[in-house]
Amino acid sequence: MVKFGIEFVPKDPYWKITYFAVQAERGGFHNLWITDHFNNRNVYVALTAAAIYTDRIALGPGVTNPYMVNPVFTAQAVATLDELAPKRVVLGIGAGDKTTLASVGVEMRKPLTAVKEAVSIIRSMANGEKVVFEGQVFQIAGASFLFKPRSRIPIYIGAQGPKMLALAGKIGDGVLINACHPKDVEYAVRCVKEGVREGGRQFNDLDVAAYTSFSVHEDLKKAAKAAVPVVAFIVAGSPGQVLGRHDINLEKAEEIREALKVNDWGRAFGAVSEEMIQAFSVCGTPDMCIERIDQLLKSGISQFVVGSPIGPKVKVAIDLISERIIPRVITEPA
Amino acid sequence: MEYLKLVELIPVEKREITADKLVDVILSSKHSDKMPSGLAIAFLQQWRQNLLSSKLGLSALLEGAILLEQEKTLVALRELRLDELVDRIKGAV
């Protein structure tokens with residue numbers, strides 16, 4: 001059965017996110033993902049609040065990274081959160097964002113190796129084992145918790161590039177694919193399947209999520225307007241190969257990049273085209289979004305995550321998704 | 001202001017729509033940093049129990065909405081034709 005996830009950014013205070021988390025749980029969402037960036041509020045505090053006020057929704061960081069947060073600490077955090085929300089905790093981990101890491105003087109060294117090693121360390125620690133680890137990125141002389149972790153925490157790997165996607169297929173319990181367009185998701189799923197084969201696993205054992213930039217409203221123009229800022233940042237951060245796959249004008253993309261660098265929002269957002277919105281978001285009326293979700297499901301995903309901006313008004317958008325989209329995509333109850 | 005007394009001015013049939021409008025005012029506010037921590041907890045407790053349109057829920061919502069967006073709150077209440085409530089709030093602030 002396909003699952004619906006929802007992403008929140010703790011730029012908003014914990015109580016707003018918790019309000020929306022409760023609303024999403026009631027509306028039939030299965031997963032709550034909260035982003036982890038040092039310049040926002042702390043992800044685990046936001047998750048703790050959401051865990052207290054909800055009962056069923058699975059929740060976790062979406063995604064943390066092993067550079068800013070040592071894997072031992074991540075294991076400690078999710079194991080503790082699991083005591084509050086037993087068997088509901090999931091962990092999303094990726095390599096992080098190079099620019100953000102650089103802004104605090106952290107080098108993104110060997111991202112594939114770092115994520116692979118971090119997953120191994122977190123699994124062992126969260127399994128209550130004493131960890132001695134001699135890796136290329138992490139060295140742990142002997143670490144264990146003075147408490148007994150309760151549940152096995154499913155680990156999802158946040159991935160976009162082919163190698164990270166394959167790694168997710170090889171070692172992850174799930175994968176969070178940063179993509180919105182069927183072309184990108186189909187490509188990503190192929191990469192994940194390569195990793196699955198390499199690891200001697202079954203594709204169906206993985207929860208494969210499309211982690212999308214999403215915007216829904218009854219009025220298409222309003223939905224698109226809300227998506228524009230997020231799409232501008234995605235275009236600016238996308239390599240030429242990805243832009244080329246969608247026939248995006250590279251000069252326009254460069255113009256957006258330059259404008260964002262100098263905080264010229266008007267120029268950056270003004271340069272976002274209809275094609276860019278189509279390529280890098282799931283955006284439109286509920287019926288239009290259902291059509292796109294159905295296309296993505298055919299690619300083999302098992303979870304659809306609605307990410308920022310969700311809609312021009314988040315509360316209205318969650319109701320629209322709960323009442324008009326989820327029941328038409330899912331036939332079995334949450 | 002005694003919010004629990006003020007919300008008694010909201011007719012029972014308008015409680016739900018009032019709660020909904022006040023939630024909108026609070027969630028769309030750009031002054032969320034003004035929300036006191038105790039009030040945020042009260043708001044979430046009522047929401048979790050689906051009791052935002054109860055007297056306690058409305059009281060938390062009204063207090064929060066006025067703290068965050070006084071003018072927008074009064075406009076929303078006026079649109080709901082809760083004139084006596086608007087007058088009492090204006091008289092108290």
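Chain letters run A, B, ... following the sequence lines, proteins first, then strands; residues in each count from 1.
Classified by interplanar angle (parallel below 30°, tilted 30° to 60°, perpendicular above 60°), the ring pair F20(A)/F8(A) is parallel.
If you measure heavy-atom distances from Q49(B) to chain A, the contacts under 4.5 Å come from the backbone alone. Using a 4.5 Å cut-off between heavy atoms, L39(B) makes no contact with chain A at all. Both the backbone and the side chain of Q23(A) come within contact range of chain B, judged by heavy atoms closer than 4.5 Å.
In summary, the aromatic rings of W33(A) and Y156(A) are positioned with their centroids under 6.0 Å apart. The six-membered or imidazole ring of Y19(A) lies away from that of Y53(A), with a centre-to-centre distance of 6.0 Å or more.
Residue E84(B) places its CD atom among 12 or fewer non-hydrogen atoms of other residues, nucleotides or ligands, all under 6.0 Å distant. More than 12 heavy atoms of other shown residues, nucleotides or ligands fall within 6.0 angstrom of atom NZ in K315(A). Counting heavy atoms of neighbouring residues, nucleotides and ligands inside a 6.0 Å radius, atom CZ of R88(B) does not exceed 12 of them.
Between chain B and the residues D12(A), T54(A), D55(A), the largest count of heavy-atom pairs under 4.5 Å involves D55(A).
Residues that satisfy the ring-ring contact (aromatic ring centres under 6.0 Å, His included) test with F147(A), not counting sequence neighbours, are F145(A).
Between R328(A) and E323(A), none of the side-chain N atoms (NZ, or NE/NH1/NH2) sits under 4.0 Å from a carboxylate O, so this pair counts as no salt bridge.
Residues of residues 2-35 of chain B lying under 4.5 angstrom from chain A, judged on non-hydrogen atoms, are D20(B), V23(B), D24(B), I26(B), L27(B), S29(B), S32(B), M35(B) in numerical order.
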